[in-house]
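Notes follow once the structure below has been shown.
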Amino acid sequence: FSNISNEIITVSLDKSFVLSNLTNKTVLFRYYFNEPLFSCEYINNSTIAIGGNHGKLYILDINTHTHKTFQCSNGPPVSSL
């Protein structure tokens with residue numbers, strides 16, 4: 001959950017990150033990656049850490065709609081942040 005109490009972030013194996021509003025059940029922002037996603041966590045209200053497959057970590061800026069990729073290992077998915 002975010003610091004904004006009515007929003008939630010999710011990721012899925014369909015390669016998408018979704019920011020949703022829980023109050024009116026709408027998608028506020030959706031971003032697709034090139035691989036399945038396993039975990040996510042807020043860094044701040046506009047920056048999200050996302051765990052991907054094969055040890056990749058993505059930092060997504062939802063204001064600029066850009067991300068940076070970090071290769072943390074060549075191993076398993078980043079399933080916990």
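Atoms considered below: every heavy atom in the structure, side chains included; atoms not considered: hydrogens, waters and symmetry mates.
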Heavy atoms from other residues, nucleotides or ligands near CG of Asn34 exceed 12 (cutoff 6.0 Å): no

Atom pair CG (Leu13) and CD (Glu35), whose distance is rounded to the nearest 0.5 Å: 11.0 Å

Closest contact, heavy atoms only, Lys15 versus Pro36: CG-N, 3.6 Å

Value rounded to 0.5 Å, distance of CG in Leu22 from CD in Glu7: 8.5 Å

Closest heavy-atom pair and its distance - Ser16, Tyr32: CB-CE2, 3.5 Å

By ring-ring contact (aromatic ring centres under 6.0 Å, His included) - contacts of Phe33 (at least two apart): Tyr31, Tyr58, His67

Atom pair CG (Asn63) and OG (Ser46), whose distance is rounded to the nearest 0.5 Å: 4.5 Å

Point-to-point distance, once rounded to the nearest 0.5 Å, from CG of Asn6 to CG of Asn21: 4.5 Å

Residues that Thr69 engages under side-chain hydrogen bond (donor to acceptor under 3.5 Å, both in side chains), provided they are two or more places apart: none

Rounded distance [0.5 Å steps], CD in Glu41 versus CD1 in Ile48: 8.5 Å

Single-linkage hydrophobic cluster Leu37~Val18, side-chain heavy atoms < 4.5 angstrom: no

Which atom pairs, donor and acceptor, lie under 3.5 Å between side-chain atoms of residues 71-81 and protein residues at least two apart or in another chain?
from: Gln71; atom 1: NE2; to: His54; atom 2: O; distance (Å): 2.6
from: Gln71; atom 1: NE2; to: Ser73; atom 2: O; distance (Å): 2.4
from: Ser73; atom 1: OG; to: Gly75; atom 2: N; distance (Å): 3.2

Test side chain to side chain contact (heavy atoms under 4.5 Å, CB included) applied to Ile59 - qualifying residues, sequence neighbours left out: Ile43, Thr47, Ala49, Leu57, Phe70

Residue pair Val27 / Leu19, side-chain heavy-atom distance below 4.5 Å: no

Residues which pass ring-ring contact (aromatic ring centres under 6.0 Å, His included) with Phe29, listed by chain and number, not counting sequence neighbours: His65

All side chain to side chain contact (heavy atoms under 4.5 Å, CB included) counterparts of Thr64, not counting sequence neighbours: Asp61, Thr66

Distance (rounded to the nearest 0.5 Å) between Ile9 CD1 and Tyr42 OH: 5.0 Å

